[in-house]
Q: 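Handing you a structure now.
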Amino acid sequence: MDMKAKLAECLAKAAGVDTAEILAGLEVPANKDMGDFAYPCFKLAKVLRKAPPLIAKEIGEVLEKPDFIDEVQIVGAYINFFTNKASYTKGVLETILTKGSDYGKSDLGKGKTIVIDYSSPNIAKPFHVGHLRSTVIGNAIRKIYEELGYTCVGINHLGDWGTQFGKLIVAYKKWGSKEAVEKDGIQELMRIYVKFHDEAEQHPEMNDEARLWFVKMQDGDEEALSLWKWFYDISMKEFERVYDMLGVKFDAYTGESFYNDKMAPVIEELKEKQLLEESEGAMIVNLEEENMPPCLIIRKDGGTLYATRDITAALYRKKTYDFTKCIYLTALDQNLHFAQVFSVIHKMGYDWYKDLVHVPFGLVSLESGKLSTRHGNVVLMEDLLQQAIGETQKIIAEKNPSLPNKEEVAKKVGIGAVIFNDLYNSRIKDVVFSWSRMLNFDGETGPYVQYTHARACSILKKADGFTTENIDFGKLNDEASVDVCKLLEAFPKKIQDAADKLEPSIVTRHLVSISQAFNKFYHDNPILNSEDAVKKARLAVVVAVKTVIAEGLRLLGIDAPEQM
Ligand code: ARG
């Protein structure tokens, strides 16, 4: 059992309450003067009907402290615990050495399913860096939940349906060629799509033509659907390349088109529940009471909408996966859309509407300006990742030209840097792409954390023959060693916090803290040249750090090369 759990048990016994209750409130104070653990008694006031400082005092009097606690101090409502350094480091390190990469795992989510809707780019349009955020944050959230024992279903809700495909068909018939599309893929589709918009300004009747084609698609017209399918396949080929580079996988590619034949019963249900109203020829759900503009369900021309498909998709997912939570990752500008969709589902009488969670994030910009999606001058994800790899190759050529598997490592580090950069700040903040910053090996970056991991690997390699038996943890009584252990101890809790707040940056930042503490430890404490007992104890720290960093990076979707 780990120290925290043991301490909680002793405290619970002294207070006469549940261990789980204590465990939830047991803290690791930021300020060392307040001990290694602290328990604020405020929460117990309700249960025990006494003033918190009195509770603290009384617990202090009867507490049988566990042997790893040297000293207990009562300060106001706080009970502060000072651990015995050797027992503390022993407790932390032995747990990690025993559990290995399972150290952060728990079964908190056992038997519960979480649906995560992420990435979800639009076909026939380039996969741009805006979709990178959804992909990377969604992937990390997924892995974090899996670590906590939840069953996760990753869904790519592709934007593969809607009037825009009618436009694309018209454009293709007017100006497209099979050869050009086969050769240039999405770029060519994008070119003719943009041309459609330019020309339609002069010839608005083209829009009617496009709507007709979309209606044909909806009705299952063979020609319309085979063209659509072709655009789909071409797009997917490009998307798959990006997902491969990022190492991201989905359980289902159920995009908007998947719901084409599933919307009618839902529209029927809306009618039956008397939620549909006519408005200027269209069908809407009125959301005045919720202080929102109406949710458009069927257009004047009979076409369905993005929201119609999202409502249908939520119902389908509930039925198919019986989720405890369904999470949607998109940029902030879709806040209203999801608020409307969730409200409609609420109005339909489904109380699980409250398990639908929109997780918004900020924009991405390049140092050199905004990333426009209009007029075709977008920065493509694939190019961006290639550039990251290229920049990393340059750094490796300079820093470590004899590195084996240079290509492979450059890929892991370059792409890792992009992902890390995206996950470093709280997701709602905008992300700026700055190569010099995100590839800085000494900054708060992916390469810095990966490099720390590689350094740990290299020390262990040199310490060949080391075993983790009979370690004298009393040798780890310096501050730097204890600091590292404290951060390692906090790792499982950080994973839980990241899940609760849907905020992978909590893990990202913690990995930077561990790396910084480890590098200080390494700087202060000679390892390989120390006498055997000291060396052994310090190597245990190295193993534990390596294990935790590798696992932390994995949760973020980043590889940890052993050498770089
Ligand atoms: N395709 C949409 C876009 O690129 C994102 C879809 C998000 N998921 C959803 N269920 N609406 O903006």
Q: Side-chain contact, heavy-atom cut-off 4.5 Å: Cys326 with Leu356?
A: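 They are in contact (side-chain heavy atoms under 4.5 Å apart), so the answer is yes.
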
Q: Rounded to the nearest 0.5 Å, how far apart are NZ of Lys494 and CD1 of Ile144?
A: 12.5 Å

Q: From the options Glu268, Gln274, Glu269, select the one residue that forms a side-chain contact (heavy atoms from CB on, under 4.5 Å) with Lys271.
A: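 Going through Glu268, Gln274, Glu269 one by one, the side-chain contact (heavy atoms from CB on, under 4.5 Å) with Lys271 is satisfied by Glu268 alone.
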
Q: Ignoring hydrogens and angles, state whether a donor on the side chain of Asp160 or Ser257 is under 3.5 Å from an acceptor on the partner side chain.
A: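 Yes.
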
Q: Parallel, tilted or perpendicular, judged at 30° and 60°: which one describes the rings of Phe420 and Tyr424?
A: parallel

Q: I want to check something: taking the side chain as every heavy atom from C-beta on, are Leu132 and Leu246 in contact at a cut-off of under 4.5 Å?
A: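 Yes, close enough: below the 4.5 Å cut-off.
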
Q: Would you say Glu27 and Tyr39 make side-chain contact, with heavy atoms under 4.5 Å?
A: no

Q: Between Arg133 and Leu363, what is the shortest heavy-atom contact and its length?
A: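 Result for this residue pair: NH1-O, 4.3 Å.
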
Q: Should we say atom NZ of Lys262 is surrounded by more than 12 heavy atoms from elsewhere, each under 6.0 Å from it?
A: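 Atom NZ in Lys262 is packed in, count exceeds 12.
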
Q: Give a yes-or-no answer on whether the side chains of Thr163 and Arg299 include a donor-acceptor pair shorter than 3.5 Å.
A: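 Yes.
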
Q: Looking only at heavy atoms, which two atoms of Leu423 and Leu556 are closest? And how far apart?
A: CD1-O, 3.7 Å

Q: Within a reach of under 6.0 Å around NZ of Lys273, are more than 12 heavy atoms found that belong to other residues, nucleotides or ligands?
A: yes

Q: Any donor-acceptor pair under 3.5 Å linking the side chain of Thr135 with the backbone of His131?
A: yes

Q: Can you confirm if the aromatic rings of Phe165 and Phe214 lie within a centre distance of less than 6.0 Å?
A: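 No.
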
Q: Would you say Ser505 and Glu503 are linked by a side-chain donor-acceptor pair, where the criterion is simply a distance under 3.5 Å?
A: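 A donor-acceptor contact under 3.5 Å links the two side chains.
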
Q: Look at atom CD of Glu288 and say whether more than 12 heavy atoms of other residues, nucleotides or ligands are closer to it than 6.0 Å.
A: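 It does not: Glu288 CD has 12 such atoms or fewer within range.
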
Q: For the pair Trp161 and Phe258, evaluate ring pair (Phe, Tyr, Trp, His ring centres under 6.0 Å) and give the outcome as yes or no after the intermediate values.
A: CA-CA 9 Å; Trp161 207 246; Phe258 179 75; over 10 Å; no

Q: Taking atom types as modelled, is there a side-chain donor on Arg309 or Asn260 under 3.5 Å from an acceptor on the other?
A: no

Q: Does Lys167 count as lying over the ring of Trp213, i.e. NZ or CZ under 6.0 Å from the six-ring centre, within 45 degrees of the axis?
A: no

Q: Under a 3.5 Å cutoff, is there a donor and acceptor pairing between the side chains of Thr330 and His358?
A: yes

Q: Tell me if the centroids of the rings in Tyr253 and Phe239 come within less than 6.0 Å of each other.
A: no

Q: Kindly indicate whether the side chain of Ile327, heavy atoms from C-beta on, has any atom under 4.5 Å from the side chain of Tyr118.
A: no

Q: Hey, are the side chains of Lys237 and Tyr232 touching, using non-hydrogen atoms and a 4.5 Å cut-off?
A: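 A side-chain contact is absent here, since even the closest heavy-atom pair is not under 4.5 Å.
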
Q: Could you tell me whether the side chain of Pro504 reaches within less than 4.5 Å of the side chain of Ile141, counting heavy atoms only?
A: yes

Q: Classify the angle between the aromatic ring planes of Tyr353 and His346 as parallel (below 30°), tilted (30 to 60°) or perpendicular (above 60°).
A: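 Aromatic pair Tyr353/His346 classed parallel.
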
Q: Donor-acceptor check, side chain of Ser235 to backbone of Ile123, threshold 3.5 angstrom: yes or no?
A: no

Q: If you take all heavy atoms of Trp352 and Ala314, which pair is closest and at what distance?
A: CH2-O, 3.7 Å

Q: Can you tell me how the ring of Tyr103 sits relative to the ring of Phe491, calling it parallel under 30°, perpendicular over 60° and tilted otherwise?
A: parallel

Q: Please check if the distance between the ring centroids of Tyr316 and Tyr259 is under 6.0 Å.
A: yes

Q: Mind listing the closest non-hydrogen atom pair of Val344 and Leu270 along with its distance?
A: CG1-CD2, 3.8 Å

Q: Is any side-chain heavy atom of Trp230 closer than 4.5 Å to a side-chain heavy atom of Glu182?
A: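 When only atoms from C-beta onward are counted, Glu182 and Trp230 do touch, with a gap below 4.5 Å.
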
Q: Can you tell me how far CZ of Arg211 sits from CD of Gln218, rounded to the nearest 0.5 angstrom?
A: 12.5 Å

Q: Classify the ring geometry between Phe231 and Tyr172 as parallel (under 30°), tilted (30 to 60°) or perpendicular (over 60°).
A: perpendicular

Q: Quick check: are there more than 12 heavy atoms from other residues, nucleotides or ligands sitting under 6.0 Å from CD of Glu205?
A: yes

Q: When rounded to the nearest 0.5 angstrom, what distance separates CG in Leu336 from SG in Cys295?
A: 9.0 Å

Q: If I take atom CG from residue Leu329 and atom CZ from residue Arg142, how far apart are they, to the nearest 0.5 angstrom?
A: 12.5 Å

Q: Should Thr445 and Leu439 count as side-chain neighbours, where that means a heavy-atom distance under 4.5 Å?
A: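 Side-chain contact under 4.5 Å: no.
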
Q: Per the salt bridge (charged side-chain N to carboxylate O under 4.0 Å, His left out) rule, which among Lys318, Lys319, Lys325 passes with Asp322?
A: Lys318

